[in-house]
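Everything numeric here is computed off the predicted structure, so don't read it as measured data.
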Amino acid sequence: MSVVTWLNGLAPHECVDVFMRCCGSSKWAHEMAASRPFADIEAVHHHADVHWALVTRDDVMEAFSHHPKIGASMESLREKFAKTATWSAGEQQAVGQADEAVLERLRDGNVAYEARFGYIFIVCATGKTAAQMLELLEARLSNAPDDEFAIAKGEQAKITHLRIDKLEAP
């Protein structure tokens, strides 16, 4: 069974649950479920963009809150990267090579980022090393708050599309 056929056949609340795994905005997930039936996977992606463009700041913040926070300890930071590394075969090797100094700066940078912007650093991590994410985080710290929010919202959209592509029918 195709993913689209599966999505189209789910009960509304089940479909909302599936879309919540793709993006943590309940408004977005409900709108996606209500957009069925989808003709094909391209239609799913199209509706994802349409509905994401219409969400409020609170909806975006809800989605951000569903991401794991870079932890206060080095152990939890390594654990976070280990989990995201499974999404991309190349990521696991690069993350395993991250040195303590990079991970410490990434942890500290995320604390500074959250203090400045009021939410955790959102980046589409697939294919990026810890050092690359650190470089992005440090560069984005100087952004104006509205500009950074737009960038983070765009990163969430990238993550959502990757997660849609990872959906599998049971």
How close do Cys23 and Thr160 get, heavy atom to heavy atom, and via which atoms?
CB-OG1, 3.4 Å
Closest heavy-atom pair, Cys15 versus Leu10, reported as atoms and distance to 0.1 Å, is CA-CD1, 3.9 Å
His30 atom NE2: more than 12 heavy-atom contacts under 6.0 Å:
no
Okay, side chain of Glu62, backbone of Ser26: is any donor-acceptor separation there less than 3.5 Å?
yes
Taking Ala48's backbone N and O only, do any of them form a donor-acceptor pair with Trp28's side chain (distance below 3.5 Å, no angle check)?
yes
Is it the case that the side chains of Thr56 and Asp59 hold a donor-acceptor pair, with the cut-off being a distance below 3.5 Å and no angle test?
yes
Just so I know, are the side chains of His67 and Ile159 near enough to count as touching, which here means a heavy-atom distance under 4.5 Å?
yes
How far apart are the C-alpha atoms of Arg116 and Glu148, what are their side-chain angles, what is the distance that settles it, and do they pass the salt bridge (Lys or Arg N to Asp or Glu O under 4.0 Å) test?
CA-CA 10 Å; Arg116 175 161 165 68; Glu148 182 54 30; over 6 Å; no
Can you tell me how far CD1 of Ile164 sits from CZ of Arg21, rounded to the nearest 0.5 angstrom?
12.0 Å
Could you state whether Val18 and Val44 fall into the same hydrophobic cluster, counting links through intermediate Ile, Leu, Val, Met, Phe, Trp or Tyr residues with side-chain heavy atoms under 4.5 angstrom apart?
yes
May I ask you to test the Phe149-Phe117 pair for a side-chain heavy-atom distance under 4.5 Å?
no
In the structure I gave you, are the side-chain heavy atoms of Met32 and Leu7 within less than 4.5 Å of one another anywhere?
no
Test item: Pro12 and Arg36 side chains (from C-beta on) under 4.5 Å apart, heavy atoms:
yes
Lys153 side chain vs Trp52 backbone, donor-acceptor pair below 3.5 Å
yes
Which pair of non-hydrogen atoms, one from Ala169 and one from Ser2, has the smallest distance, and what is that distance?
CB-O, 4.0 Å
Roughly how far apart are Tyr113 OH and Ile122 CD1, rounded to 0.5 Å?
7.0 Å
How about Phe38 and Val3: do any of their side-chain heavy atoms sit closer than 4.5 Å?
no
Ring-plane angle category for Phe64 and Tyr119, please: parallel below 30°, perpendicular beyond 60°, tilted otherwise.
tilted
Minimum heavy-atom separation for Lys128 and Met133, please, with both atom names.
O-CE, 3.8 Å
Between Glu155 and Lys158, does a salt bridge (Lys or Arg N to Asp or Glu O under 4.0 Å) hold up when you go through it step by step?
CA-CA 5 Å; Glu155 291 295 302; Lys158 292 177 193 176; 2.7 Å; yes
Nearest heavy-atom pair of Leu54 and Lys27: which atoms, and what distance?
O-NZ, 3.7 Å
